[in-house]
A.B. asks: 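Mind looking over this structure? Questions follow.
Bear in mind the structure is a predicted one, so any value in this text is a computation, not a measurement. Start at 1 with the first residue, then count along the sequence.
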Amino acid sequence: MVYPGAVHSRFEHSLGVYWLAGKAVDTIKTCQGLELGIERSDIKLVKLAGLLHDVGHGPFSHMFEKEFLPRVFNGFTWSHEDMSVKMVDHIVDEHNIDIDSDSLTKVKQMIIASSEHGSTENMKEKKFLYDIVANGRNGIDVDKFDYIVRDSRACGLGCNFHFERLMESMQVMGDEICYRAKDYLTIHKLFATRADLHRTVYTHAKVKAIELMVIDALLKANDSLDIASSIHQPAEFWKLDDTILKIIEISNTQELKEARDIIQRIRRRELYQKMGGVTLEEEDIVVSNVKIDLTRGRNNPLQSIKFFKDYESDEVFSIQDDRISHLLPAFYQDMIVRVYSKKPELVEAVSEAFENFQLKTYGKKAQVHSTPDSKKQRRR
């Protein structure tokens with residue numbers, strides 16, 4: 001809706017992660033295969049994890065997981081990684097796939113390695129294999145390599161991060177994938193480019209406005225279509241995808257009228273309007289809190305990465321930003337608060353109320369981007 005060229009699917013992304021996962025483990029095997037005992041079966045399992053890592057995503061991905069479900073189930077926590085594990089079991093059972101239980105367990109552990117339920121602590125050997133697809137130890141993985149480059153290209157944005165440099169020089173030391181000290185700034189570009197994508201694409205003001213409207217439409221349609229309950233049944237969950245909006249839109253039942261009206265507003269580009277940050281009537285506005293960080297909240301993600309000086313050295317160490325450059329950020333997380341008016345006639349009132357709130361609280365208008373006068377005037 002905002003970046004019309006970005007019509008790529010998670011299937012394309014999954015194929016990309018599958019290919020990159022294989023390339024990563026092949027690279028390590030070429031240099032250290034005998035030393036690490038990498039076998040053909042290891043390569044197969046890592047590639048399988050890459051192919052299947054996102055199979056548990058619901059419609060509209062993170063919006064479904066982080067916004068829709070918690071509102072349906074009153075704060076209930078659910079993760080697409082855990083659902084991916086359930087879907088893998090379902091796929092194997094449904095299609096009688098011949099894979100031994102030990103291999104299947106390893107694939108599932110690789111998928112959830114970066115989630116709160118994932119851990120490599122119980123792994124006795126080859127822990128580094130579990131860092132390739134979803135890295136819970138330092139956040140560098142082929143999942144990011146693929147979507148950062150793919151999304152940047154699809155949205156027509158430049159991308160000065162080149163994962164090939166990291167893939168070619170990484171080395172396993174102490175059962176962990178480590179990187180050359182000279183690649184510090186390349187790794188910083190990985191996290192900075194990801195943050196730029198979140199700021200300019202994933203949390204773009206219009207993107208969030210449409211997302212909030214989609215959430216409202218799904219909430220209003222949930223009782224009629226029983227959308228949320230499918231998460232408990234993998235056999236039903238796989239049928240649920242982005243086409244749920246079209247199902248609502250073409251329906252003619254009275255039960256779906258409110259949801260249908262919201263979707264028609266999206267089609268007509270009559271979106272929720274962004275304000276600065278306070279409420280008038282709760283039912284008339286919706287608040288969006290956006291955190292943009294470098295994957296580790298307020299912490300520097302590079303502090304959890306192990307580096308080595310050169311290929312002849314077996315010493316690993318971490319590096320502080322100030323040893324590399326004084327131009328690197330002093331803070332690692334931003335918070336953006338947006339308030340959208342669901343009713344066009346309230347735009348001016350909410351905007352003025354927010355300005356008064358800022359003057360009272362901070363003694364000045366804090367926001368840089370205030371509500372344009374044209375939007376206020378059009379709705380008088």
A.B. asks: Kindly state whether the ring of F68 and the ring of F64 have centres lying under 6.0 angstrom apart.
C.D. replies: yes

A.B. asks: Verify the distance criterion only: is there a donor paired with an acceptor across the side chains of E249 and Q264 at less than 3.5 Å?
C.D. replies: no

A.B. asks: Give me the ring orientation class for F307 and Y184: parallel if the planes are under 30° apart, tilted from 30 to 60°, perpendicular past 60°.
C.D. replies: tilted

A.B. asks: Taking the inter-plane angle between the rings of Y311 and F308 on a 0 to 90° scale, is it parallel (under 30°), tilted (30 to 60°) or perpendicular (over 60°)?
C.D. replies: tilted

A.B. asks: Could K257 and D261 be called an ion pair, given the rule that one side-chain N must be under 4.0 Å from one carboxylate O?
C.D. replies: yes

A.B. asks: Output every pair passing salt bridge (Lys or Arg N to Asp or Glu O under 4.0 Å) with a member in residues 49-78, not counting sequence neighbours, ordered by first then second residue.
C.D. replies: R10-D54, R71-D216

A.B. asks: Do the ring planes of H57 and H80 sit parallel (below 30°), tilted (30 to 60°) or perpendicular (above 60°)?
C.D. replies: parallel

A.B. asks: Start with the C-alpha gap between V17 and Y147, add the side-chain angles, then the distance that decides, and say whether side-chain contact (heavy atoms from CB on, under 4.5 Å) holds.
C.D. replies: CA-CA 9 Å; V17 177; Y147 80 69; over 6 Å; no

A.B. asks: Can you confirm whether the side chains of D100 and S103 place a donor and an acceptor under 3.5 Å from each other?
C.D. replies: yes

A.B. asks: Output every pair passing side-chain hydrogen bond (donor to acceptor under 3.5 Å, both in side chains) with a member in residues 21-31, not counting sequence neighbours, ordered by first then second residue.
C.D. replies: none

A.B. asks: Got a salt bridge between R199 and D196, using NZ or NE/NH1/NH2 to carboxylate O under 4.0 Å?
C.D. replies: no

A.B. asks: Would you call the rings of F145 and F161 parallel, tilted or perpendicular if under 30° counts as parallel and over 60° as perpendicular?
C.D. replies: tilted

A.B. asks: Checking salt bridge (charged side-chain N to carboxylate O under 4.0 Å, His left out) against D42, which of K47, K106, K126 comes through?
C.D. replies: K126

A.B. asks: Could you list the residues that satisfy side chain to side chain contact (heavy atoms under 4.5 Å, CB included) with F11, not counting sequence neighbours?
C.D. replies: S9, L15

